[in-house]
Amino acid sequence: MWERTLQDLIRGLRANKKDEAKFIAKAVDEIRHEIKTDDMELKAGAVLKLTFLDMLGYDMSWASFHVVEVMSSSKVHLKSIGYLAAAQSFEQDTDVLMLTTNSLKKDLSSTPADIAVTLDGLSHIVTPELARDITPELIAMLNHSRPNIRKRAILALYKTLVKYPEAISQARTRLEEKLTDPDPSVVAATVNVLCELTRRNPTDYLSLAPQLFHLLTSSTNNWMLIKIIKLFGSLSPHEPRLVKKLQPPITELISTTPAISLLYECVHTCIIGGMLQGPSGDSLARTCVSKLANFIQDSDQNLKYISLLAMAKIVPTHPHLIMEYQDTILASVNDQDISIRMRALDLLSAMANRSNLQSIVQQLLAHLVRDPSSAPQSATESLFQHASAATSSIPNSLSPSQSPAYRLTLAQRILALCSQSTYENVTNFEWYLSVLVDLAHVANVDVGSEIRDQLVDIVGRVRGVRGYAVKLMYTLLSDDAIIRNAGEAGSCSEVLWAAAWICGEYCLELSEPEKLLPYLLQPDIDNLSPDIIAVYIQAATKIFGLWASELAQQWDDDSLPEVKQVVESILNRTHEFAGSQYIEVQERAANAVELFVFIQADLNSYRPKLDLTASGSLAGSSMLDGFGQPDDPRFPKSLYLIQPLFSVYELNPVAANAQASVAIPDGVDLEAWIVPPPREVASQVHSEKLEEETGEKKKKIKKGKGKEVAASSSKKKTVKDSGDRVVLTPLESENESPEDKAQREKRKAERLAQLRDDPYYIVDDRPKPIDDVDSIPVVHLEDMPPMPSYSNSKIPSLRTNSHTFSSDSFTIERDGEMPVGATPPRLQAGSQPTSALPSGYATPVRLIPSFSEYEIPDEPPVEPIKVVRTKKKTPTKKKKRTAQVDGTTTS
């Protein structure tokens, strides 16, 4: 009479919140004593308290046997406690479940109350072994006289069939009979079970289509209709004849039903069942889209979500119907619910085409620049801002629509929309280039690398947009806003890389290239990343080369100070970068320094040429003296030094599989060592090869008191190869002590100094000739562009190959170039090959003038001097050299 009940346990927990663990430990000790008694009422009460503690997170698996004891009680109210505890605590691997088989069979043949409790508990604890043993009893329960037992048996049978699928063949006939059961709840339970089974294997239940169709047209229960519609959605893809049969009743349901859940299931079934295909499905598709559009405008967020999700599935077959509600869909991009915004973006991505791409992108850009204060606030945002204002240490944050994660997704979606299938939906590339630049300014997230790649790719593929791109990149380089914010997050400073590269590569499109040089060499670029600085240096070099070449064509001696000033400013900046710690910047700056030092020296040594036509006496004296060069240019030749280095061939886009199509040249071993192995290993391998070739082992010789040294430790080792030539192998360093090496180097230096002072010793400082002529690399010059002869009266223009394109006609090169010997890429309809040269060579875009060479009068050939060295007789005697000149020997 003093045992603690469940109500007492709950009151005690509430009263001991400060020391809850201690109270529960004491209660569990009491439960352990109570659960072991023979009193079933007391045991069931202990199990009930354990069930409550289990919901709080305390383990009760130790009492599983006592739970089985309560399950086998003859009293219904105690049996229900046992099944409740078993459903909550038993797992599939609980070992006491094997003891429940006979108890379950006994309960299934007992009173209706016991059967109901048993069926409810069985559906939670059934295992494959239990399912195998209990299936016959469950199938027999389908014919029970009471409808509530039949309904529970059908639902429990589904759990049994999931665990034991082999029993489906036994239960199939009884389940089909329950579709005509007089009780509607039994029919609804049967449809529910068949709907779940059909999703697993639809083809096995196609024979039930007539009975299900009858229920569809005769039933008024919305929940059962939803299940039947789902069931037909699974069957329709496997039976095409069902599509035509189901269209009339589903169309009527869509048009008449007020139940939104049933309406959505009908629309979803039409989509997945293929009912919107063909001429007969157009009217049904229009009806579905109109209903879904109404859902988007509904205040219920769930309806908005599912309607956007369903519309995204209709877009592939009926995009014209979805585009009628484009403004409504775009309004959802501004919704406060992030899930709705993401589904709206998915739908916009699916419905974008060539006709509506610009309007969609412009409206998406508007969401990136809109004022956050103008957007309506949700309850969550209002509470958050109120809490932020109350706590001064927490700064106010942006609204969800302006969060960095969403802005990044929105910016990436804009880029993906336009670049889909190599810009197939973009009709005006000038517009898209302006969109990329605008996106770099307003995105405020890290998408600069993606914008950079697309800028370079578009300008390389679309020739007609290069002029506009260079002008746009000029304005981007002259705007110092991005440079100032280069160190901040989301600055998109990578677009400056693309801007500098485009202006340098296509500098022919610049009207005044010299005005861009100060922006490329301004001091603020030190804040940029090293890869951008390297491209800035390269672009400045290219632009100067173009400007200097054009200046040479219209040379005026008054331009000399300006050129010197520009060269000096470039040298000053490149000298600063030549000491950079980044190898890419250092290498490009060092190369530029060498080029501009040469140009500066040539400009300093340049003297204006006299006008030969101004004074006849001067002209005559000059020609008579023989020093006049009428074909010499009237401008410094170094002005043409840089421009040919970058502009002989055009840089065209490369095909996607070009690298994989490059064949490995003959003689190239990709498995060979790039860096040779350690010296000891190489020396050992060399010695082993010599022993294999000569077939002789190193001989030991005596030296001093019993000391042995190898014959290979002598200064030279003479070996005869297969051609009977004498080969001298060098001294191996591992057999030489440091003292001997230092002494040998000293003797060598003294000998070289003595020979240098010897007037009879000829020192040959020329590089050694290459004995193997076949190893000399061969350069094929037959495909090089011709070099026209220079004429002072006619200098070819550098801009003769610039083409004029209309602003609304753009041809994109989708394939790109392939390497030599590979299959050339396919040409688009109406397009022309990009090069007249063999495959693998780029197209020459301009010709560089050549200058007249100096003429040297012919002279009789001089017979070379043959030098013959004599062998040394003794080491102590003076070295002698004999030379044979014209058959006479001298010493």
Side-chain angles (χ1 to χ4, degrees), residues 433 437 455-456 459-460 463 465-480 483 495-522 524-525 532-556 558-574 588-589 591-592 595-596 598-600 602-603 635-651 795-805 845-849:
L433 287 178
V437 174
L455 283 172
V456 174
V459 177
R463 299 173 182 269
V465 81
R466 290 174 183 175
Y468 178 79
V470 170
K471 296 178 183 178
L472 193 62
M473 297 301 106
Y474 183 94
T475 60
L476 194 61
L477 291 172
S478 60
D479 185 7
D480 58 348
I483 298 180
V495 297
L496 296 177
W497 190 103
W501 186 89
I502 291 171
C503 289
E505 187 66 29
Y506 306 104
C507 52
L508 276 175
E509 305 291 345
L510 290 169
S511 58
E512 295 176 331
E514 70 279 4
K515 292 185 177 181
L516 186 57
L517 292 175
Y519 296 111
L520 294 174
L521 302 174
Q522 58 181 314
D524 293 340
I525 68 173
I532 300 178
I533 296 176
V535 177
Y536 266 56
I537 297 173
Q538 195 83 345
T541 306
K542 294 179 181 180
I543 292 173
F544 174 83
L546 171 73
W547 174 65
S549 302
E550 292 184 340
L551 195 62
Q553 299 178 40
Q554 303 174 354
W555 178 253
D556 187 358
D558 296 336
S559 303
L560 184 60
E562 181 185 0
V563 179
K564 287 184 177 181
Q565 182 181 1
V566 173
V567 171
E568 184 178 0
S569 63
I570 295 176
L571 268 176
N572 293 336
R573 289 296 287 159
T574 52
R588 298 200 183 190
N591 292 336
L595 290 173
F596 284 102
F598 180 85
I599 296 174
Q600 188 181 47
D602 182 64
L603 293 176
F635 53 84
K637 292 184 179 181
S638 60
L639 296 180
Y640 275 106
L641 175 66
I642 296 179
Q643 196 262 347
L645 300 178
F646 301 102
S647 57
V648 174
Y649 292 107
E650 184 179 5
L651 186 62
I795 302 177
S797 175
L798 296 176
R799 299 180 184 267
T800 53
N801 289 334
S802 60
H803 300 281
T804 302
F805 297 87
V845 296
R846 58 184 71 87
L847 301 178
I848 308 304

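- Phe544 has its side chain within reach of Ile599: a pair of non-hydrogen atoms, C-beta onward, lies under 4.5 Å apart.
- The CD1 atom of Ile502 sits 8.5 Å away from the CG atom of Leu472 when rounded to the nearest 0.5 Å.
- For Arg573 (side chain) and Leu520 (main-chain N/O), no donor-acceptor pair under 3.5 Å exists by modelled atom type.
- Contact between Leu641 and Phe598 at its shortest, heavy atoms only, is CD2-CD2, 3.5 Å.
- Across all non-hydrogen atoms, the minimal contact from Met473 to Leu455 is CE-CD2, 4.2 Å.
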Let me see the working for Val495 and Val437 under side chain to side chain contact (heavy atoms under 4.5 Å, CB included), right down to the final yes or no. CA-CA 8 Å; Val495 297; Val437 174; over 6 Å; no
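- Not one N or O on the side chain of Asp479 forms a donor-acceptor pair closer than 3.5 Å with the backbone of Thr475.
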Could you walk me through whether Ile483 and Gln522 pass the side chain to side chain contact (heavy atoms under 4.5 Å, CB included) check? CA-CA 11 Å; Ile483 298 180; Gln522 58 181 314; 3.5 Å; yes
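- If you take CG on Leu603 and NZ on Lys637, they are separated by 14.0 Å, rounding to the nearest 0.5 Å.
- Using a 4.5 Å heavy-atom cutoff, the side chains of Trp547 and Val563 are in contact.
- The OG1 atom of Thr574 sits 8.0 Å away from the CG atom of Leu521 when rounded to the nearest 0.5 Å.
- The side-chain heavy atoms of Glu509 and Tyr468, taken from C-beta on, include no pair separated by under 4.5 Å.
- Ala539 approaches Ala500 most closely through the heavy-atom pair CB-O, 3.2 Å.
- The closest side-chain heavy-atom distance from Tyr640 to Phe635 is below 4.5 Å.
- Arg588 places no side-chain N or O within donor-acceptor distance of the main-chain N or O of Ile537, the cut-off being under 3.5 Å.
- Shortest non-hydrogen contact noted between Gln643 and Gly545 is CB-O, 3.4 Å.
- Judged as a side-chain hydrogen bond (donor to acceptor under 3.5 Å, both in side chains), the pairs with a partner in residues 537-546 (not counting sequence neighbours) are, in order, Glu505-Lys542.
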Run the numbers on Trp497 and Tyr536 for side chain to side chain contact (heavy atoms under 4.5 Å, CB included), then give the verdict. CA-CA 8 Å; Trp497 190 103; Tyr536 266 56; over 6 Å; no
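- Put simply, the side chain of Cys503 reaches to within 4.5 Å of the side chain of Leu516, judged on heavy atoms.
- Judged as a side chain to side chain donor-acceptor pair (under 3.5 Å), and not counting sequence neighbours, the contacts of Asp480 are Arg484.
- Residues Leu639 and Pro636 are in side-chain contact: their nearest non-hydrogen atoms beyond the backbone lie under 4.5 Å apart.
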Kindly determine whether Trp555 and Leu560 satisfy side chain to side chain contact (heavy atoms under 4.5 Å, CB included), including the steps that lead there. CA-CA 9 Å; Trp555 178 253; Leu560 184 60; 4.1 Å; yes
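- Considering all non-hydrogen atoms of both residues, Leu496 and Leu476 come closest at CD2-O, 4.0 Å.
- Residues Ile543 and Cys507 come closest through the heavy atom pair CG1-CB, 4.0 Å.
- The local environment of NZ in Lys471 is sparse, with at most 12 non-hydrogen atoms from other residues, nucleotides or ligands closer than 6.0 Å.
- For the pair Glu514 and Val566, the minimum side-chain heavy-atom distance is 4.5 Å or more.
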